[in-house]
Student: 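Right, I'll just put the structure down here and ask away after.
Just so it is clear: chains get the letters A, B, ... in the order the sequence lines come, proteins before strands, and each one is counted from 1. What you are looking at is a predicted structure, and each value in this text was computed from that prediction instead of being measured. Computed over heavy atoms, backbone and side chain alike; hydrogens, waters and symmetry mates excluded.
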Amino acid sequence: MKIELRARSFDPLLEVGFYQSGLGELPGQCGATAIFIGTMRDFNEGEAVHRMMLEHYPGMTERHLQRIVEVAAREWPLLDALVIHRVGDLQPNDPIVLVAVWSAHRAAAFAACRFIMEELKSKAPFWKREETASGPRWVEHNTPG
Amino acid sequence: MKIELRARSFDPLLEVGFYQSGLGELPGQCGATAIFIGTMRDFNEGEAVHRMMLEHYPGMTERHLQRIVEVAAREWPLLDALVIHRVGDLQPNDPIVLVAVWSAHRAAAFAACRFIMEELKSKAPFWKREETASGPRWVEHNTPG
Amino acid sequence: MTIDVKYFGSLRDRLGRAEDRLDAVGELTVAGVWVALHPETPLPLNTLTAVNMECAEPTQTVRDGDEVAFFPPVTGG
Amino acid sequence: MTIDVKYFGSLRDRLGRAEDRLDAVGELTVAGVWVALHPETPLPLNTLTAVNMECAEPTQTVRDGDEVAFFPPVTGG
């Protein structure tokens, strides 16, 4: 299991491939990989967004991400999980979050990946400030999944 | 939207990256990518499996995969979708199926990815024959997701 | 009329061949195609059928030139 | 006792600073920490609170050395 905050842009597919290649015992046992990638859009709530700042609470954010993944691993039979989340300044099309989950069976992989994303969006301490044509604005709440 | 059958082993992450790089208008609109990768395990129903043959019905299989993706695209607001499915001889750890779905929002991406997988498993004409220590055997039915 | 018949999966293995061609006269259903080709072998339980690559009921009537397929439950993905 | 106080997101922007330090005597709750530092400003609706990086109710008592945080609803992912 790995949780990581990144201050710079990252390639989610490369990250999954790289992490996976280090999982020696996984091949053969793993029947299902579920991956979610959240990407910054260039519009939100009807307005063009050309930049975004992702603030977090150093220490608390990592702790809560870790806990979310641990809860998922108790709930479903996971072989492994990887969560990477951006912080700092982002541009449209930049990856914001990656959740990858490995399991023997697809039901567990799908459910755990979804669970981690929903928990992360509703509980992990991150705050988005968008730069729009009419100035900066804080995103007030996340939409339910 | 792309549907493909592959007679040789493929790298699902590379395929997603390659396909994605060809989607010119997608950046900026896409907020969510959901990916599922099904991989051949080295055990099934309590027995070690060292090889597998995936039979299909040429023509009917492609048609039904295409239809499943079209139904998903009518049900959810998808920006794009990619489905690649192996046929022929596989070894443990070989990817069997890749489903990737792009959407503005995560709920649609998750739901459509899951839907395509479940439909594919229950309706697309594929048949698995496993090689085990006690000889070859046909997989009789898929487990529900 | 002539019907092309295909078998897949374990059914193909069991029959020892992947296809048959049936020349017949009169009205015939999908189930009737099976009976005409395998008079001694009842259609195995759970067998699925397709006509021209679309899922079909065993009661569906076939026409000259149709492709009829018999196969066990699917196990892809 | 000394309490380290942190603000995040729009709340940090509104207050114009990311942290405060509060020196106080007697029993104090999380809500009391806010009142002591911002006597003129009611705690904005929907504000979430944490003590030592764990979510906390405004009624929770704080202790010397605690880190108390105030922030708006989270919007990550």
Side-chain angles (χ1 to χ4, degrees), chain A residues 3 5-6 36-41 44-45 49 52-68 83-88 90 95-99 113-130 135-145, chain D residues 1-22 28-38 41-77:
Chain A
I3 304 301
L5 298 181
R6 289 284 177 87
F36 180 84
I37 299 162
T39 311
M40 184 185 160
R41 292 179 299 145
N44 191 25
E45 292 172 27
V49 180
M52 187 169 80
M53 194 272 291
L54 242 167
E55 187 175 329
H56 74 295
Y57 185 169
M60 181 167 176
T61 305
E62 295 88 330
R63 185 192 291 187
H64 280 246
L65 290 179
Q66 185 68 40
R67 197 171 293 166
I68 288 166
V83 176
I84 300 178
H85 203 293
R86 269 302 305 280
V87 295
L90 286 88
I96 300 170
V97 58
L98 162 70
V99 175
C113 185
R114 180 89 202 242
F115 171 85
I116 292 169
M117 266 309 297
E118 299 308 319
E119 289 287 293
L120 183 157
K121 290 205 77 119
S122 64
K123 296 188 182 164
F126 291 103
W127 301 273
K128 287 179 181 143
R129 192 184 63 201
E130 299 175 333
R137 65 175 183 195
W138 289 92
V139 178
E140 288 186 10
H141 49 76
N142 270 335
T143 50
Chain D
M1 65 181 173
T2 303
I3 306 293
D4 283 315
V5 182
K6 287 174 179 274
Y7 311 110
F8 293 95
S10 55
L11 191 60
R12 175 176 59 70
D13 258 13
R14 206 189 300 186
L15 296 170
R17 59 186 185 278
E19 44 192 68
D20 272 322
R21 171 160 293 192
L22 175 66
L28 206 58
T29 62
V30 170
V33 169
W34 178 272
V35 172
L37 288 164
H38 312 280
T41 316
L43 189 66
L45 222 67
N46 293 329
T47 299
L48 303 172
T49 54
V51 174
N52 298 327
M53 300 187 181
E54 295 293 342
C55 300
E57 294 297 319
T59 53
Q60 186 174 320
T61 305
V62 298
R63 294 189 225 174
D64 184 41
D66 275 356
E67 177 174 294
V68 174
F70 297 93
F71 47 81
V74 302
T75 55

Student: Should the heavy atoms of other residues, nucleotides or ligands under 6.0 Å from CZ of D:Arg63 be counted, would the total exceed 12?
Tutor: no
Student: May I ask you to name which of A:Lys128, A:Arg67, A:Arg137, A:His56 has the most heavy-atom pairs under 4.5 Å with chain D?
Tutor: A:Lys128
Student: Contact between A:Lys123 and D:Cys55 at the side-chain level, heavy atoms closer than 4.5 Å - yes or no?
Tutor: no
Student: Are the side chains of A:Trp127 and D:Thr75 in touch, meaning some heavy atoms are under 4.5 Å apart?
Tutor: yes
Student: Any chance you could measure D:Ser10, atom OG, to A:Glu140, atom CD, to the nearest 0.5 Å?
Tutor: 7.5 Å
Student: Relative to chain D, which segment of A:Thr143 carries a heavy atom at a distance below 4.5 Å: side chain, backbone, both, or neither?
Tutor: neither
Student: Which one of A:Val97, A:Leu120, A:Leu54, A:Val139 has the most heavy-atom pairs closer than 4.5 Å to chain D?
Tutor: A:Val139
Student: Which distance, rounded to the nearest 0.5 Å, do you find between the NE2 of A:His141 and the CG of D:Asn46?
Tutor: 9.0 Å
Student: Stepwise, does the side chain to side chain contact (heavy atoms under 4.5 Å, CB included) test hold for A:Met60 with D:Phe71?
Tutor: CA-CA 12 Å; A:Met60 181 167 176; D:Phe71 47 81; 4.1 Å; yes
Student: Examine whether an atom of A:Trp138 lies under 4.5 Å from a heavy atom of chain D, and if so say whether it belongs to the side chain, the backbone or both; otherwise answer neither.
Tutor: side chain
Student: If you look at every heavy atom in A:His64 and D:Met53, which pair is closest and at what distance?
Tutor: NE2-O, 3.2 Å
Student: If you compare all heavy atoms of D:Asn52 against all heavy atoms of A:Arg63, which two are closest, and at what distance to 0.1 Å?
Tutor: O-NH1, 3.2 Å
